[in-house]
Amino acid sequence: MLKGIIFDLDGVITDTAEYHYVAWKEMGKKIGIDFDRDFNENLKGISRMDSLERILEYGGKANDYSREEKEELAYEKNEQYKKLIKQITPANILPGIKQLLEDCQQKEIRLALASASKNGPVIVERLELTEQFEVIVDPATLENGKPDPEIFLKAAELLGLSSEECIGIEDAEAGIESINRARMFSVGVGSADSMKEANYFVKDTNELNLKKILKKFENQ
Ligand code: B16
Ligand code: MG
């Protein structure tokens with residue numbers, strides 16, 4: 001029986017990808033690496049430091065910076081990002097999500113957040129959704145980022161539920177892999193191609209409907 005739903009944040013509850021993009025792009029400019037929105041897709045669901053490593057590799061500068069310099073670059077990016085996310089309001093909750101959260105509450109399905117973002121709690125606060133989530137996993141407590149299953153397993157553990165009792169919802173390929181490796185039912189939001197590993201997927205958040213999700217879960 002389904003007892004818990006574990007949500008990704010960026011790309012499922014709200015769309016912060018553009019802010020990440022703007023902030024990374026500005027940092028890239030300073031060190032002479034330019035990239036476009038297509039490349040930015042590779043950074044979805046990936047931790048801050050792993051994102052920086054991917055950008056440096058893309059720009060052919062993977063070995064040009066010390067650990068401390070990388071920390072500084074990631075710090076600068078995050079300062080810029082924190083300025084940008086100040087403009088987030090409840091109006092930025094993606095279509096269909098409020099209804100889905102309400103439907104879950106009505107059915108006493110417990111909710112957790114499994115975001116790779118260390119800014120997750122601030123964003124959820126700005127969306128005025130803090131109270132809806134019983135558990136928010138702190139990514140700083142984890143050893144491995146997505147696609148490792150650790151974050152989804154941790155969320156289930158904190159809810160006191162088994163993997164079989166939970167569903168994970170994600171928009172990133174790395175996130176779907178993480179859910180699948182946690183042996184949970186995976187629900188994807190995105191294109192058929194990027195969500196091909198998901199147990200069930202929709203193209204847009206406004207197609208996320210609890211009844212439909214439950215039906216797919218029960219018939220798995
Ligand atoms: P931060 P999610 C992820 O959030 C983003 O998709 C990814 O682009 C970002 O690098 C990562 O959080 C870390 O974010 O720099 O704020 O700690 O999709 O797992 O909710
Ligand atoms: Mg995401």
Side-chain angles (χ1 to χ4, degrees), residues 5-28 35 37-58 70-88 92-94 97 111-127 129-130 133 135-142 144-155 168-182 186-191 194-195 197-198 201-202 204-205 208:
I5 299 190
I6 304 172
F7 284 81
D8 172 47
L9 176 63
D10 294 338
V12 174
I13 291 176
T14 191
D15 190 7
T16 51
E18 187 65 20
Y19 300 135
H20 281 295
Y21 175 62
V22 170
W24 278 128
K25 199 148 164 96
E26 199 168 303
M27 186 228 66
F35 55 88
R37 285 191 172 79
D38 272 354
F39 174 78
N40 192 55
E41 288 298 303
N42 297 311
L43 308 180
K44 286 190 176 173
I46 304 297
S47 76
R48 198 179 307 160
M49 202 34 96
D50 288 349
S51 299
L52 175 62
E53 300 282 4
R54 286 191 186 195
I55 292 168
L56 292 177
E57 200 172 316
Y58 178 77
K70 284 184 198 170
E71 296 284 356
E72 182 57 32
L73 290 173
Y75 173 82
E76 276 176 32
K77 179 266 174 180
N78 193 49
E79 287 303 297
Q80 175 64 14
Y81 179 70
K82 283 199 297 196
K83 277 187 208 152
L84 293 168
I85 59 176
K86 280 195 181 137
Q87 50 192 299
I88 293 178
N92 296 113
I93 298 172
L94 285 171
I97 294 298
L111 305 180
L113 196 76
S115 170
S117 175
K118 292 182 176 149
N119 295 295
V122 174
I123 295 169
V124 172
E125 192 71 57
R126 294 219 52 87
L127 296 171
L129 291 176
T130 307
F133 290 93
V135 161
I136 296 182
V137 179
D138 176 3
T141 63
L142 305 172
N144 302 299
K146 300 169 189 175
D148 191 278
E150 192 180 2
I151 192 164
F152 283 92
L153 291 172
K154 184 85 185 184
I169 309 184
E170 261 287 351
D171 70 310
E173 281 181 62
I176 293 293
E177 187 179 333
S178 178
I179 300 169
N180 290 345
R181 283 167 61 188
S186 54
V187 174
V189 180
S191 65
S194 66
M195 290 297 124
E197 299 299 331
F201 85 97
V202 294
D204 217 285
T205 54
L208 285 170

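Note that ligands are numbered from 1 as they come in the structure, with each ligand's atoms numbered from 1 the same way. Both backbone and side-chain heavy atoms feed into the values below; hydrogens, waters and symmetry mates do not.
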Under the salt bridge (Lys or Arg N to Asp or Glu O under 4.0 Å) test, which residues partner Glu72, sequence neighbours left out?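 So Glu72 forms no salt bridge (Lys or Arg N to Asp or Glu O under 4.0 Å) with any residue.
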
Salt bridge (Lys or Arg N to Asp or Glu O under 4.0 Å) involving Lys77 - partner list, sequence neighbours excluded: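 Lys77: no salt bridge (Lys or Arg N to Asp or Glu O under 4.0 Å) contacts found.
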
Show which atoms of ligand 1 fall inside a sub-4.0 Å distance from at least one heavy-atom site of [X].
X	value
Ser51	10 (O)
Lys118	1 (P), 16 (O), 17 (O)
Leu43	7 (C), 8 (O)
Leu9	20 (O)
Ser115	2 (P), 4 (O), 19 (O), 20 (O)

If I consider every N, O or S atom in Asp10, which one ends up closest to the Mg ion (ligand 2)? I only need its name.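 Going through the N, O and S atoms of Asp10 one by one, O ends up nearest to the Mg ion (ligand 2).
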
Name of whichever N/O/S atom of Asp171 is nearest to the Mg ion (ligand 2):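 Of all N, O or S atoms in Asp171, the Mg ion (ligand 2) lies closest to OD1.
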
Look at atom 12 (O) of ligand 1 and find which of Ser117, Ala174, Ala172 reaches it with the closest heavy atom.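 When every heavy atom of Ser117, Ala174, Ala172 is considered, Ser117 comes closest to atom 12 (O) of ligand 1.
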
Is the closest heavy-atom distance from Gly11 to ligand 1 below 4.0 Å?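 False for this residue.
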
With no hydrogens and no angle check, is any side-chain donor or acceptor of Arg181 less than 3.5 Å from a backbone partner on Pro147?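 Yes, Arg181 side chain to Pro147 backbone: donor-acceptor pair under 3.5 Å.
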
